[in-house]
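Structure first, commentary second.
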Amino acid sequence: MASRYQRITEERLNSLRRLRDRGIDPYPHAYHATHTIAEARAALGQGGDTAGSMSVAGRVVGRRTMGKMAFLDLRDGSGKIQLSLRKDVLGVDGYGLLDDVDIGDFVGAEGKLFVTRSGELSLEVSGLAVLCKSLHPLPEKWHGLADVEKRYRRRYLDLISNESTRDVFVLRSRTVSAIRSFLDKQGFVEVETPVLQPHAGGAPARPFVTHHHALGQDLYLRIALELHLKRLVIGGFDRVYEIGRTFRNEGISVRHNPEFTLLECYQGYADYHNMMSLVEKMLADVARQVLGTTELDWNGTTIDLSLPWHRLTLREAIESYSGVDFEDFPDTGSLRSRMLDMGLEVEPGKERGRLIDELLSTFVEPRLIQPTFLMDYPVEMSPLAKRKRGNDRLTERFEGFVGGMEVANAFSELNDPLEQRERFRQQSGSGVGDDEADIADEDFLEAMEYGMPPTGGLGMGVDRMVMLLAGQQSIREVILFPALKTKTGPED
RNA sequence: GGGCCGUUAGCUCAGCUGGCAGAGCACCUGACUUUUAAUCAGGGUGUCACUGGUUCGAAUCCAGUACGGCCUACCA
């Protein structure tokens, strides 16, 4: 604490002291601004008569003094405006306050609008109030804050000094709103289900474990929304969705954050074909609402989200990009030796489904830049999906890819409770689930025994969707406070 | 977990084969009543990430540690 205090620039503390000596509270409780800065700017646009006095409030982001007159740049959440301060208007005392106003401080200003000789809309200030004294200098005005680690750890500084960062998160907010409004219009009901669960199911991922003291019981942070939402379909919510944080105790990368936002929605009486068109329509609709177009710039290439997406089966895709037709290798051993022949490093213990997944992520996924659905995944990769009509070895499942990333995963949901029980059993027996995530959720199976209508289910990574719309290559650029290791040392 | 790269002033960055720690912005002092990357004159404010080693001498070379970035691994 003491060291932190010592780092504060002596001049800022002196300003603070001088303000108090003058009887000015540097941290007042409130300020009534009559206009936001954007409203103030618009006020001049109409009519031109700006005789009325108005007030605005914001952070000082620029300061140009020239003796008996000065300009401050003021910014609030809506925009930026220049304040003009003159000694002959404010008086010696009022103008003297400027000595103790630094870049970074919050001020409120009252005055009348006018346009300077050089055409800049400004507020001729008749009254200035300090609203908060800042004790640290802001990052430099031209380059902003560039150090990636500092940008994430002190996102507030990133937001203050880099407008583009702010734009990304405004876009994120609009994206989530657009998803909601799209689904709401389609008759989906939004719900919230538990984050803390006795079993973490719905996906083969390692969960975070926590402990409930009063219950004396370990709980898991959810890794998917699936099993609870299906319970709600069983309960009569034919169209239901949730947008929520999920947690996976796995590696961190440009596409993976330990906590991320997942959209899942379920539609009774629908199958995976219906979900495909839902995904297509939703992305096109969201892009139009957020960007005004279905064309995205992704790493220099243009991605077109207009309908329809390219469709091919997983088998076709893997065969055309890797040369392997997995139907020719019906068991783990044969597929494994084929992959070894290709010079791939294959970890022992991977089942056939995992091997196919590896072919997919190595050869196919990076190539799927334009929106593409891969359909019909093998049963062993998809324990919650219904078998494909006409082919027992496959399921009616698809994944959607855009920009070389998986952004959607959906299927005709398995609703045969006896088969579901059997699939869970095979899954846990195969060593895939282990005890890390107790997939065999007995409570869920019992619910399914009461009967779930035929249902299409869909999951989409919201962070990745935002990455696409914002043209960002790293998930950390679309998460305000991405996961970072705690920094230890003299800093604190 | 493995590999490569990075960490120098509040911020953005230079600093060569080892020889007194640098620039711009910010900040401080002074001038300036229409500036807007204001301008002009002056001022360097530093645990060179941390710890150890080599050396007469280390920001620089070596080793380890921390944190970060990219790749990889893990991961529907």
Side-chain angles (χ1 to χ4, degrees), chain A residues 3 7-12 14-15 61-73 80-90 95 99 102-104 114-122 124 134-154 157-158 160-162 202-206 223-224 226 248-256 258 260 314 345 347 350 353-354 356-358 360-362 365 374 377-378 380-385 397-399 406 408-411 432 436-437 459 461 473-474 476 482 484-491:
Chain A
S3 67
R7 275 174 211 221
I8 295 171
T9 323
E10 196 60 37
E11 284 81 12
R12 299 275 177 135
N14 287 339
S15 282
V61 293
R63 186 175 187 269
R64 296 173 293 283
T65 63
M66 48 206 67
K68 298 188 182 65
M69 136 160 242
F71 296 99
L72 297 179
D73 293 327
K80 203 162 138 182
I81 196 167
Q82 174 171 272
L83 305 181
S84 167
L85 301 103
R86 300 161 67 119
K87 197 168 189 174
D88 58 2
V89 173
L90 290 164
Y95 192 77
D99 291 340
D102 294 298
I103 290 175
F114 76 109
V115 177
T116 66
R117 269 178 220 164
S118 50
E120 174 82 17
L121 175 63
S122 307
E124 180 62 61
S134 166
L135 299 182
H136 290 295
L138 293 180
E140 189 229 11
K141 57 188 168 187
W142 305 338
H143 305 88
L145 189 66
D147 182 287
V148 176
E149 184 178 352
K150 283 191 186 114
R151 287 181 50 235
Y152 297 157
R153 286 192 198 278
R154 302 191 189 176
L157 291 181
D158 187 26
I160 290 168
S161 51
N162 299 317
R206 183 190 303 172
I223 55 174
E226 176 136 2
R248 297 188 183 179
N249 202 342
E250 288 159 2
I252 297 176
S253 79
V254 288
R255 288 174 188 185
H256 301 265
F260 62 102
L314 178 69
E345 282 188 31
E347 288 199 16
K350 277 194 173 175
R354 290 294 182 104
I356 292 172
D357 193 50
E358 187 154 328
L360 168 62
S361 50
T362 305
E365 188 169 0
L374 297 187
Y377 284 55
E380 53 266 54
M381 296 174 75
S382 318
L384 296 160
R397 173 188 174 188
F398 73 84
E399 290 188 314
E406 179 203 332
N409 178 28
F411 23 93
V432 173
E436 66 185 23
Q473 305 288 318
S474 168
R476 295 183 198 100
L484 294 178
K485 225 168 161 175
T486 306
K487 200 152 194 169
T488 54
E491 188 67 14

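A, B, ... follow the sequence lines: proteins, then strands. Residue 1 opens every chain.
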May I ask you to say what [X] touches in the nucleic acid, namely base, sugar-phosphate or nothing, with a heavy-atom cut-off under 4.0 Å?
{"X": "A:R151", "result": "nothing"}
{"X": "A:Y152", "result": "sugar-phosphate"}
{"X": "A:L157", "result": "nothing"}
{"X": "A:G459", "result": "nothing"}

Candidates [options] - which lies nearest the side chain of [X]:
{"X": "A:V254", "options": "B:rC70, B:rU12, B:rC32", "result": "B:rC70"}
{"X": "A:P137", "options": "B:rG10, B:rC28, B:rU35", "result": "B:rG10"}
{"X": "A:Q82", "options": "B:rG24, B:rA26, B:rU35", "result": "B:rU35"}

Could you identify the nucleotide paired to [N], looking across every strand shown and requiring Watson-Crick or G-U wobble geometry with both distances under 3.5 Å?
{"N": "B:rG24", "value": "B:rC11"}
{"N": "B:rU60", "value": "none"}
{"N": "B:rA76", "value": "none"}
{"N": "B:rU65", "value": "B:rA49"}
{"N": "B:rA38", "value": "none"}
{"N": "B:rG44", "value": "none"}
{"N": "B:rU17", "value": "none"}
{"N": "B:rU55", "value": "none"}

Given atom [atom1] of [X] and atom [atom2] of [N], what is their separation to the nearest angstrom?
{"X": "A:M69", "N": "B:rU33", "atom1": "CE", "atom2": "C1'", "answer": "6 Å"}
{"X": "A:R63", "N": "B:rC25", "atom1": "CZ", "atom2": "C1'", "answer": "15 Å"}
{"X": "A:L145", "N": "B:rG68", "atom1": "CG", "atom2": "P", "answer": "16 Å"}
{"X": "A:H143", "N": "B:rG10", "atom1": "NE2", "atom2": "P", "answer": "18 Å"}
{"X": "A:D88", "N": "B:rU33", "atom1": "CG", "atom2": "P", "answer": "10 Å"}
{"X": "A:K485", "N": "B:rC67", "atom1": "NZ", "atom2": "C1'", "answer": "8 Å"}
{"X": "A:N162", "N": "B:rU12", "atom1": "CG", "atom2": "C1'", "answer": "11 Å"}
{"X": "A:L135", "N": "B:rA26", "atom1": "CG", "atom2": "C1'", "answer": "16 Å"}

Output yes when at least one side-chain N/O atom of [X] is less than 4.0 Å from OP1 or OP2 of [N], else no.
{"X": "A:K141", "N": "B:rA38", "answer": "yes"}
{"X": "A:K87", "N": "B:rU33", "answer": "no"}
{"X": "A:R64", "N": "B:rU35", "answer": "no"}
{"X": "A:R153", "N": "B:rG68", "answer": "yes"}

For [X], all residues meeting side-chain contact (heavy atoms from CB on, under 4.5 Å), sequence neighbours excluded:
{"X": "A:A410", "answer": "A:M275, A:F398, A:L458"}
{"X": "A:D99", "answer": "none"}
{"X": "A:S134", "answer": "A:R12, A:D105"}

For nucleotides [N] and [M], find the distance between their [atom1] atoms and express it as a whole number of Å.
{"N": "B:rU45", "M": "B:rA21", "atom1": "P", "value": "12 Å"}
{"N": "B:rC4", "M": "B:rA9", "atom1": "P", "value": "27 Å"}
{"N": "B:rG42", "M": "B:rG46", "atom1": "P", "value": "23 Å"}
{"N": "B:rA58", "M": "B:rG53", "atom1": "P", "value": "12 Å"}

Are the side chains of [Y] and [X] in contact, using a 4.5 Å heavy-atom criterion?
{"X": "A:P137", "Y": "A:I103", "result": "no"}
{"X": "A:V148", "Y": "A:R476", "result": "no"}
{"X": "A:N409", "Y": "A:R397", "result": "yes"}
{"X": "A:R64", "Y": "A:D73", "result": "yes"}
{"X": "A:N162", "Y": "A:R151", "result": "yes"}
{"X": "A:R153", "Y": "A:L484", "result": "yes"}
{"X": "A:T116", "Y": "A:S84", "result": "no"}

What nitrogen or oxygen pairs link the protein and nucleotides 39-44 of chain B at under 3.5 Å?
none

Show the distances under 3.5 angstrom between N or O atoms of the protein and N or O atoms of nucleotides 4-8 of chain B.
none

Taking for each residue the nucleotide of RNA chain B with the nearest heavy atom, is it A:S122 or A:A146 whose nucleotide lies nearer the 5' end?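 On the 5' side of the pair lies A:A146.
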Both A:K68 and A:S474 contact RNA chain B. Which one's nearest nucleotide lies toward the 5' end?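 This one resolves to A:K68.
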Could you list, one pair per line, each protein nitrogen or oxygen that sits under 3.5 Å from a nitrogen or oxygen of nucleotides 73-76 of chain B, together with the distance?
{"from": "B:rA73", "atom 1": "O3'", "to": "A:E347", "atom 2": "OE2", "distance (Å)": "3.4"}
{"from": "B:rC74", "atom 1": "OP1", "to": "A:E347", "atom 2": "OE2", "distance (Å)": "2.8"}
{"from": "B:rC74", "atom 1": "OP1", "to": "A:K350", "atom 2": "NZ", "distance (Å)": "3.4"}
{"from": "B:rC74", "atom 1": "O2", "to": "A:G251", "atom 2": "N", "distance (Å)": "3.3"}
{"from": "B:rC75", "atom 1": "OP1", "to": "A:R354", "atom 2": "NH1", "distance (Å)": "2.9"}
{"from": "B:rC75", "atom 1": "O3'", "to": "A:P204", "atom 2": "O", "distance (Å)": "3.1"}
{"from": "B:rC75", "atom 1": "O2'", "to": "A:E250", "atom 2": "OE1", "distance (Å)": "2.5"}
{"from": "B:rC75", "atom 1": "O2'", "to": "A:E250", "atom 2": "OE2", "distance (Å)": "3.3"}
{"from": "B:rC75", "atom 1": "O2", "to": "A:H256", "atom 2": "NE2", "distance (Å)": "3.3"}
{"from": "B:rA76", "atom 1": "OP1", "to": "A:P204", "atom 2": "O", "distance (Å)": "2.2"}
{"from": "B:rA76", "atom 1": "OP2", "to": "A:R354", "atom 2": "NH1", "distance (Å)": "3.2"}
{"from": "B:rA76", "atom 1": "OP2", "to": "A:R354", "atom 2": "NH2", "distance (Å)": "3.2"}
{"from": "B:rA76", "atom 1": "O3'", "to": "A:E406", "atom 2": "OE1", "distance (Å)": "3.2"}
{"from": "B:rA76", "atom 1": "O2'", "to": "A:E399", "atom 2": "OE2", "distance (Å)": "3.2"}
{"from": "B:rA76", "atom 1": "O2'", "to": "A:E406", "atom 2": "OE1", "distance (Å)": "3.2"}
{"from": "B:rA76", "atom 1": "O2'", "to": "A:E406", "atom 2": "OE2", "distance (Å)": "3.1"}
{"from": "B:rA76", "atom 1": "N3", "to": "A:R397", "atom 2": "NH2", "distance (Å)": "2.4"}
{"from": "B:rA76", "atom 1": "N3", "to": "A:N409", "atom 2": "ND2", "distance (Å)": "3.1"}

Could you tell me which non-hydrogen atom of [X] sits nearest to which non-hydrogen atom of [Y], and how far apart they are?
{"X": "A:D102", "Y": "A:S15", "answer": "OD2-OG, 4.0 Å"}
{"X": "A:R86", "Y": "A:E124", "answer": "CD-OE2, 3.2 Å"}
{"X": "A:Y95", "Y": "A:L85", "answer": "CE1-O, 3.7 Å"}
{"X": "A:L360", "Y": "A:L314", "answer": "CD1-CD1, 3.9 Å"}
{"X": "A:P204", "Y": "A:E250", "answer": "O-OE2, 4.4 Å"}

Is there a donor and acceptor pair, one atom on the side chain of [X] and one on the base of [N], closer than 3.5 Å?
{"X": "A:R86", "N": "B:rU34", "answer": "yes"}
{"X": "A:R117", "N": "B:rU34", "answer": "no"}
{"X": "A:T116", "N": "B:rU35", "answer": "yes"}

